Structure formats: C-alpha cells, structure tokens
*Asks:* 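Below are the structure tokens for one structure; questions will follow.
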Amino acid sequence: MTGSPTRYPQREAPEPLEGPVVGTIVGGTIIWFVLFLVQLPFYGWFSDHGHTWWIWTCLAGAGLGLIGIWYVRGRDAALKRAAAEGTSGT
C-alpha cells in the first residue's frame with residue numbers, strides 16, 4: 001500500500017435548496033421562546049432536579065434565533081438586490 005487516499009469519482013455538487021428561509025428562522029425562534037415561557041413557571045422543579053439548563057437553552061435558542069433573523073433578512077435582501085441588478089442591467 002502506498003499510503004495514498006482512495007480516490008472516489010468526483011461529482012458535481014447539487015444546487016442548494018432555497019425555501020422560505022426567513023419564515024423558517026422566525027418560526028423556530030418563536031418555538032424556542034414559547035418553550036422558554038412554558039417552562040418558566042416550573043423553574044423550581046427544574047432547579048430541584050438539576051435541569052435548569054433546559055430553560056436557559058430555550059432562552060439561548062430564542063436569542064440566537066433573533067441573530068439568525070437579522071442575518072437571513074439581510075441575506076434575502078442582498079439576493080433580491082443582486083437579482084434586480086442582474087435583470088435590469090441587460
């Protein structure tokens with residue numbers, strides 16, 4: 001054996017799937033925040049059993065989702081600008 005890695009036939013990468021990205025991120029963020037609110041009244045039980053991280057994970061998911069919303073809205077706007085510049089320039 002020469003030590004060279006096994007070569008697999010190279011294939012073209014498939015086109016990325018585009019969908020309602022902004023709606024998906026907004027929906028996920030809402031779900032994380034609702035889960036946080038639903039668990040909040042049971043904080044004492046979670047604390048007694050050492051599971052408070054469940055509550056804070058939901059809050060972190062909602063916070064990161066807000067950052068995600070900001071990001072995907074900017075991306076979506078940039079894609080629309082690029083498409084408009086491409087069609088109006090010809």
Side-chain angles (χ1 to χ4, degrees):
M1 189 165 215
T2 62
S4 64
T6 305
R7 294 278 180 181
Y8 294 102
Q10 297 294 316
R11 297 185 192 143
E12 225 177 284
E15 290 294 320
L17 295 174
E18 290 293 332
V21 179
V22 175
T24 301
I25 302 300
V26 168
T29 302
I30 290 170
I31 289 171
W32 277 115
F33 190 68
V34 167
L35 287 171
F36 169 74
L37 292 177
V38 167
Q39 291 179 0
L40 202 54
F42 303 102
Y43 187 85
W45 183 89
F46 284 113
S47 181
D48 292 344
H49 292 86
H51 296 304
T52 55
W53 65 272
W54 289 8
I55 296 172
W56 303 122
T57 299
C58 293
L59 186 60
L64 290 172
L66 291 175
I67 295 170
I69 291 169
W70 170 77
Y71 179 82
V72 297
R73 288 186 71 203
R75 177 185 178 270
D76 194 43
L79 289 173
K80 287 179 182 175
R81 272 194 313 271
E85 289 172 3
T87 58
S88 65
T90 57

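It should be emphasised that the depicted structure is a prediction, and the values quoted were computed from it without experimental measurement. We count residues from 1, following the sequence as given.
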*Asks:* With hydrophobic residues grouped by side-chain heavy-atom distances under 4.5 Å, do Tyr71 and Ile25 end up in a single group?
*Replies:* yes
*Asks:* Does Leu64 reach the side chain of Ile67, with side-chain heavy atoms less than 4.5 Å apart?
*Replies:* yes
*Asks:* How many angstroms lie between OG1 in Thr57 and NE2 in His51, if you round to the nearest 0.5 Å?
*Replies:* 12.0 Å
*Asks:* So which atom in Phe36 and which in Leu59 form the shortest heavy-atom distance, rounded to 0.1 Å?
*Replies:* CD1-CB, 3.8 Å
*Asks:* Tell me, please, which residues at least two apart from Arg73 pass salt bridge (charged side-chain N to carboxylate O under 4.0 Å, His left out).
*Replies:* none
*Asks:* Flag yes if Ile69 and Val21 sit in one hydrophobic cluster, no otherwise; membership is Ile, Leu, Val, Met, Phe, Trp, Tyr, and two members link when side-chain heavy atoms are under 4.5 Å apart.
*Replies:* yes
*Asks:* Just say parallel, tilted or perpendicular for the rings of Trp56 and Tyr43, cut-offs at 30° and 60°.
*Replies:* perpendicular
*Asks:* Please say which of Val38, Ile31, Leu35 ends up in a side-chain contact (heavy atoms from CB on, under 4.5 Å) with Cys58.
*Replies:* Leu35
*Asks:* To the nearest 0.5 Å, what is the distance between CZ (Phe33) and CG (Leu66)?
*Replies:* 9.0 Å
*Asks:* Could you see if Trp70 belongs to whatever hydrophobic cluster contains Val72? Use Ile, Leu, Val, Met, Phe, Trp, Tyr and a side-chain cutoff under 4.5 Å.
*Replies:* yes
*Asks:* Which heavy-atom pair separates Thr29 from Ala62 by the least distance, and what is that distance?
*Replies:* CG2-O, 3.5 Å
*Asks:* Looking at Trp45, I'd like to know if its CH2 atom is crowded, meaning that more than 12 non-hydrogen atoms belonging to other residues, nucleotides or ligands lie closer than 6.0 Å.
*Replies:* yes
*Asks:* Looking only at heavy atoms, what is the nearest atom pair of Leu37 and Pro41, with distance?
*Replies:* O-CD, 3.2 Å
*Asks:* Within a radius of less than 6.0 Å around CZ of Phe46, do more than 12 heavy atoms belonging to other residues, nucleotides or ligands occur?
*Replies:* yes
